[in-house]
Amino acid sequence: SVYAAYQFYHFIGQSSAFLLEVGVTAAGTLLAIRNDIPALAILTCIGGFLTPAMIRTGVDPQKPLFSYLFLLDSSVLLISYLRGWRILERLAWFGTAALLIGWGNEFYTSEKFLSTFSFLTCLYGMFYVTPILRAVARNLPSSAWDLFGIVILTLGYFSIANWMLRSDHGSWIAPLGLCLALLQGAAGWILQARTEDDGNRRMSAVAYGFSAFFFTFYLWEAFDGVQLTCALAAWGAALAWIALRAGILPAAGAAVAIHCWVLGRIVFLHAVLSVSDGILWNGRSAVFLVEAVSLGFIAWWMRRKGRPVE
């Protein structure tokens, strides 16, 4: 009725229509919570995300749209957390993504980078923390949808943020990778330490995998040449230590892959000395030394743990 009054009959203006739609959404949400009706909450959530799409003027709505989405997503995630209506999280994720993609295709420019990037980071944190908080604070098992949502959410945020930063602020890319590595590592550790459910354990393993990937990405962006090869060799040794100490097989596979990468760089990238290189000490000898120390550390630790070194 509100949409028809605004769009077809012009009884009310855009601001009035928007406020009425917000009121309808809020009323439906309160009724759903009070009477414990998930279906009504779902319909209200869908209507809430349709509101900005239906009431458009052709003018950039960045500030009101971002404010509206922040309030709507916060409310939906809180209801989902308290009531256990997890489908609301998925609806909110897809609704928010659709609205932001539509806005970005039409209105995004480099001048709006900081506000847009900050808002996307805030939304990513909200959606990422909710299932983890539910698993840790309420000791509820994580579903396959929770795991799928974490993966898609992280990959989507990283892809968009990486594209935005490469276009406008290339120096921020390496710190972004490091921050994501720390976030994922902390999430994996919390889930592993505080929960016993198999689903939460799988989510912890995914978080650890993302942490290793993002830290490797950080090294790739922050270093180059000899420094990168040495950093990768040290990182491979650290992954091997984690795998042997905690018994994490994927970490062992990642360590093998990293060291194969290092050996490939040594053979194909650092094999030829330049005229400016010293005879005894140069970039290639430094890389050989770091890789030898890394492999030697792995062999020593394997013997200490009683593992055969082959």
Side-chain angles (χ1 to χ4, degrees), residues 62 66 69-70 73 93 96-97 99-129 132 149-189 205-239 242 250-251 253-255 257-262 264-266 268-270 283 286-287 290-291 294:
Q62 182 185 24
F66 284 11
L69 284 177
F70 177 78
D73 284 331
W93 192 92
T96 302
L99 288 174
L100 289 179
I101 290 173
W103 172 84
N105 287 334
E106 189 172 358
F107 296 109
Y108 177 75
T109 60
S110 58
E111 290 78 13
K112 302 170 185 175
F113 160 77
L114 185 59
S115 59
T116 305
F117 179 76
S118 301
F119 181 67
L120 290 177
T121 302
C122 180
L123 286 183
Y124 172 69
M126 290 167 51
F127 279 95
Y128 185 84
V129 166
I132 296 175
I150 288 291
V151 171
I152 297 299
L153 177 68
T154 301
L155 292 178
Y157 169 76
F158 174 69
S159 301
I160 295 174
N162 188 42
W163 172 77
M164 293 176 64
L165 291 175
R166 289 193 185 278
S167 302
D168 301 309
H169 294 80
S171 61
W172 291 20
I173 296 177
L176 172 67
L178 181 59
C179 290
L180 287 174
L182 294 174
L183 171 66
Q184 299 288 342
W189 179 80
V206 170
Y208 278 139
F210 270 131
S211 180
F213 167 77
F214 285 127
F215 190 77
T216 305
F217 174 81
Y218 159 72
L219 295 178
W220 174 262
E221 292 291 338
F223 303 102
D224 58 5
V226 171
Q227 291 181 341
L228 174 59
T229 308
C230 292
L232 288 173
W235 175 227
L239 283 174
I242 293 172
I258 291 293
H259 280 291
C260 288
W261 186 7
V262 170
R265 289 178 63 85
I266 290 175
F268 298 105
L269 188 61
H270 304 297
V287 169
V290 173
E291 177 65 359
S294 298

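Just so it is clear, the model here is predicted, and its values are computed rather than measured. Counting from 1, the numbers follow the sequence of the chain as shown.
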Separation between CD of E221 and CH2 of W172, rounded to the nearest 0.5 Å: 15.5 Å
Test of ring centre spacing under 6.0 Å for F127 and Y157: no
Separation of F70 CZ from F119 CZ (nearest 0.5 Å): 8.0 Å
From CA spacing to verdict: side-chain contact (heavy atoms from CB on, under 4.5 Å), L123, L100: CA-CA 11 Å; L123 286 183; L100 289 179; 3.8 Å; yes
N/O donor-acceptor pair under 3.5 Å between S118 side chain and L114 backbone: yes
Residues in side-chain contact (heavy atoms from CB on, under 4.5 Å) contact with A255, at least two apart in sequence or another chain: L239, A240
Over 12 non-hydrogen atoms of neighbours within 6.0 angstrom of CZ in F117: yes
Steps toward side-chain contact (heavy atoms from CB on, under 4.5 Å) verdict (L176, F214): CA-CA 9 Å; L176 172 67; F214 285 127; over 6 Å; no
Point-to-point distance, once rounded to the nearest 0.5 Å, from CG of L153 to CE of M126: 11.0 Å
Evaluation steps, side-chain contact (heavy atoms from CB on, under 4.5 Å), between L180 and Y124: CA-CA 11 Å; L180 287 174; Y124 172 69; 4.0 Å; yes
Heavy-atom pair with the smallest gap, counting every atom of L232 and I258: O-CG2, 3.1 Å
With sequence neighbours excluded, residues passing side-chain contact (heavy atoms from CB on, under 4.5 Å) with N162: R166, I173, F217
Spacing of T229 atom OG1 and D224 atom CG [to the nearest 0.5 Å]: 9.5 Å
Donor-acceptor contact below 3.5 Å, side chain K112 vs main chain Q62: no
Check: Y108 side chain, I101 main-chain N or O, donor-acceptor pair, under 3.5 Å: no
Backbone of G225 reached by a side-chain donor or acceptor of R265 within 3.5 Å: yes
W261 atom CH2: more than 12 heavy-atom contacts under 6.0 Å: yes
Nearest heavy-atom neighbours spanning S211 and A181: OG-O, 2.8 Å
Pair F215 + Y218: ring centers closer than 6.0 Å: yes
From C122 atom SG to L69 atom CG, the distance as rounded to the nearest 0.5 Å: 11.0 Å
Test log, rule side-chain contact (heavy atoms from CB on, under 4.5 Å), inputs T154 and V206: CA-CA 11 Å; T154 301; V206 170; over 6 Å; no
Spacing of CD1 belonging to I150 relative to CG belonging to L155, to within rounding of 0.5 Å: 11.0 Å
